Amino acid sequence: MKLIHDVAAMQQTMLQLKREGRRIAFVPTMGFLHEGHASLMREGRQRGDILVLSIFVNPAQFGPHEDLERYPRNLEGDCALAEGCGVDIVFAPRAAGMYPPGFQTSVALGPLTEPLCGASRPGHFNGVAVVVTKLFGIVQPDVALFGRKDYQQLAIIRQMTCDLNLPVEIVGMPIVREPDGLARSSRNSYLTAEQRQQALCLYRALQAVRELFAQGEDTIERLLAAARTQIEAVPAAAIEYLELRDNTTLQPVDRATNKTLLALAVKIGTTRLIDNTVLGEAL
Ligand code: PAF
């Protein structure tokens, strides 16, 4: 497995592999890899001749008061996990290489960015869109894999890739959960043992809504109330958003259907966690 830090060297390597006719599968990450990332890498291994993993804590997608500085990092551990998953090349650029002096370009996004995380993290998805576009330009993947835990991010990347005719197939992979239901996330490492237990209220909220919906309830207010009850039972949990929306447009819906997305962001202490489910799909 190769580890490349330099942007130009990475692009040259990838150009050469493309010239040789290799099919490139790509898993973009911010590192501190866990089983969720491993599922993306294993799937990527099946879908390409060459599997590339990027590790880059992208400053452009963090707001001024967010956790850029304390975001967990472990390049050595990540490389070991990546190698075990069959990664051929790890691309770990430096911020100065990705955003050299004079960098000034952005990607204008549309209404998909407005609700949910976009409302509470202004500029976040622009930062994501810029770095993903840059990574696609450097890595030139045929297929790129993203987790569905970041549901809105995946929707925006799909739309952007389609709108800008980027020649990359986007694959969304199921959320990977701990045995007790907590969605795997690098940010789970911020949680104390007590908070780790409290964080289960997100999963319970998803389950409560799914159960009620399965019993025939489709009223938005009643379904959301069931989720809110689960979260409010944990005094340390603060809801940032809790919403039922159309799973494609992310617009509000009048009644819940199989295609309705339940998405939530909840703070446990200072740690912000997100989770989601589409009511007609497996949890
Ligand atoms: O989902 C992530 O880890 C990041 O947002 C991504 C897609 C790697 C862009 O920095």
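Numbering of ligands and ligand atoms starts at 1, following listing order. Along the sequence shown, residues carry numbers from 1. Fair warning: this is a prediction, and the values are worked out from it, not measured in the lab.
If you number the atoms of ligand 1 from 1 as listed, the ones under 4.0 Å from a heavy atom of Met30 come out as 3 (O), 4 (C), 10 (O). When each atom of ligand 1 is checked for a heavy atom of Val131 under 4.0 Å away, the hits are 9 (C), 10 (O).
Arg19 and Gln16 form a side-chain donor-acceptor contact under 3.5 Å, judged by distance and modelled atom types alone. A side-chain donor-acceptor contact under 3.5 Å links Asn58 and Tyr99.
Within a 6.0 Å sphere centred on CD of Glu20, heavy atoms belonging to other residues, nucleotides or ligands number more than 12.
Ligand 1 has a nitrogen or oxygen under 3.5 angstrom from a nitrogen or oxygen of Gln153. The shortest N or O to N or O distance between Gln61 and ligand 1 is under 3.5 Å.
Between the Lys134 side chain and the Met98 main chain, a donor and an acceptor come within less than 3.5 Å of each other.
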